[in-house]
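Predicted model, so just to flag it, every value in this text is computed and none were measured. Within every chain, numbering begins at 1; the chains are lettered A, B, ... in the order of the sequence lines, protein sequences first and strands thereafter.
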Amino acid sequence: MADYLNPQGWLLALLQTLLFVAAAPLLVGWIRLLKATLQNRRAASPLQPYRDLIKLFGKEPVVADTASVIFRAAPYVVFSTTVVTAAVIPLIAVNLPTAAIADVIVLVGFLALARFFLALAGMDVGTAFGGMGASREMTISSLGEPAMLMAIFTLTMTAQSTNIAHAIDFMLSSGFVLRPSFMFALFGMLLVAVAETGRIPVDNPTTHLELTMLHEAMILEYSGRHLALMEWAAQLKLMIYGVLIVNVFLPWGIATRLTPQALLLGLVTVLVKLMALAVVLAVAETGLAKMRLFRAPEFLNLAFLLALLGMLSHVILEVGA
Amino acid sequence: MNITHFTLQEQAILIIAALVLFSSFSLLAQTRIISSIHAFAWQGALVAAATALVAFVANQHHLYISALLTLALKAILIPWILHRLVVKLEIAREVETVVHPALVMLGAAVLVAFSYYVALPVEKLSLLATRNTIAISMSVVLLGMLMMVTRRQAVTQVVGFMSMENGLFFAAVVSTHGMPMVVELGVAFDVLVATVIFGVFFFQIRESIESLDVDRLNRLAETDESAAVAEADVAGESE
């Protein structure tokens, strides 16, 4: 168990969070590179998202006359909530003191808070696109959230704790066990992650002016550093879902002790796992077409059904008579 | 019995059992006739794989034959016959509307929970490692029945019926390591013969009512019902 008064632990947690925030654009750059290669396009450098962010931070934000305080505050609220969420998730080491701040349910709450302000900001200026995007985002999230919570409950029923660090500890200590419930929960989580981070087939992340866009429609009015913060928060969210999936379902390699060797191993394994997950995402995005918005509920119903089956199979198959 | 007490092969059986359950759900969700036949073929293949694994774990050689028989009949031959029939009847691209699909799915989940409670006392009597899957096989039977209830197309009802048979076979394999070989062979050929007879029936039904929508079998009159009522009204007034 973590020692909460250990300054070394807090320092490591801080460094881990900084690494998390700094690495998020790189993950997006890597996915773009993979997609471009798969589609026979010439790829931009994986560092391109950093250059975009630097460029946007250097520009003056232009704010509409009709915008209220919410519009100006939203980028900071969204970005800081997302960073706090990132701080809670074990990236390279488990049992850091920050893990005790929040369990998975609070984590879902953090994400919901960020989404709430994002939707408010989308509606604030009063353009048609913003309101449309906000309403769509809320539709998707109201269906995605129960599925995600159900998948998480499946996990926590097995690990008997809602704390992520405890769940990872449990997975590591029980060794390699083929669990039907985890298989279903993993697929459910993957579908929810795709929907919530606005990837194909639910939303197209590369679009800028389409009637069907979701995320881009909400941040259409933003410019300059506000836009940079919003973009960065979106990239962080993708990374959060990615790390959550690879570290909870496949935690092997994560550092359990705070020695330099263990931390280095943890860093390398999490990078390899994230790169592999990005390959899966890029292949899926290249192979699939964006579906109609009205089919998104079906997609999320499937995610919910998978999570529900995960819970049922936990009760029926794993606990047993 | 907790899952951590099982060996890796036994855990794999549980995984395949869970996938069989999932295939039942996907059968319920398919609206295209062709895709439901494909889902049925996958279910047959999964049941065959589970049977082969049980044969390996329990060292029961006769189960290998059952597995092979299941693979040949349920995963290849019967789906192929149904597929050919559907193409011949020119309904391959037809989409069937399911009334309240979300409600059907919820009902299916309730059925799974129900069969878990029904199977609990049965599981206590068994000593086999695979006894947890009895509830799964029972819910596959119930989901097949639900599919027959919610569908109107004759072909999808037959697919539901066959999937019920899959569930029964799966129950026999996981609870008692399979029925005697004679019974199994008999059932396998019964199912095959049933498919052939169903095929003949499809053509007969279509010839007499010009559709495979079995709801239309409820109508006795040749004429349209509303027209008949209107006629009766006219007759009543003239009297």
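Considering CE of B:Met105 and CG of A:Leu305, their distance stands at 6.0 Å, rounded to 0.5 Å. For the atom pair CG (A:Leu178) and CD (B:Glu10), the distance works out to 12.0 Å, reported to the nearest 0.5 Å. Between atom CG of residue A:Leu309 and atom CG of residue B:Leu19 there is a gap of 10.0 Å, rounded to the nearest 0.5 Å. Annotation: the span from A:Leu312 atom CG to B:Phe25 atom CZ amounts to 7.0 Å, rounded to 0.5 Å. The OG atom of A:Ser313 sits 8.5 Å away from the CD1 atom of B:Ile15 when rounded to the nearest 0.5 Å. With rounding to the nearest 0.5 angstrom, the CD1 atom of A:Ile316 is 10.5 Å from the OG1 atom of B:Thr133.
With a 4.5 angstrom heavy-atom cutoff, B:Leu21 touches chain A only via side-chain atoms. The parts of B:Ala12 that come within reach of chain A are both its backbone and its side chain, each placing non-hydrogen atoms under 4.5 angstrom from that chain. For a residue to count as touching a neighbouring chain, one of its non-hydrogen atoms must lie under 4.5 Å from one of that chain's; by this rule A:Phe184 touches chain B with the side chain only.
For the pair A:Arg179/B:Leu14, no side-chain contact is recorded, criterion being any heavy-atom separation below 4.5 Å from C-beta on.
Applying the 6.0 Å contact sphere to CZ of A:Phe116 captures no more than 12 heavy atoms from other residues, nucleotides or ligands. For B:Tyr64, the OH atom is densely surrounded, since the number of other residues' heavy atoms within 6.0 Å is greater than 12. No more than 12 heavy atoms of other residues, nucleotides or ligands shown are found within 6.0 angstrom of CZ on B:Phe161.
The backbone N or O of A:Val177 lies less than 3.5 Å from no partner atom in the side chain of B:Gln11, so there is not a single donor-acceptor pair.
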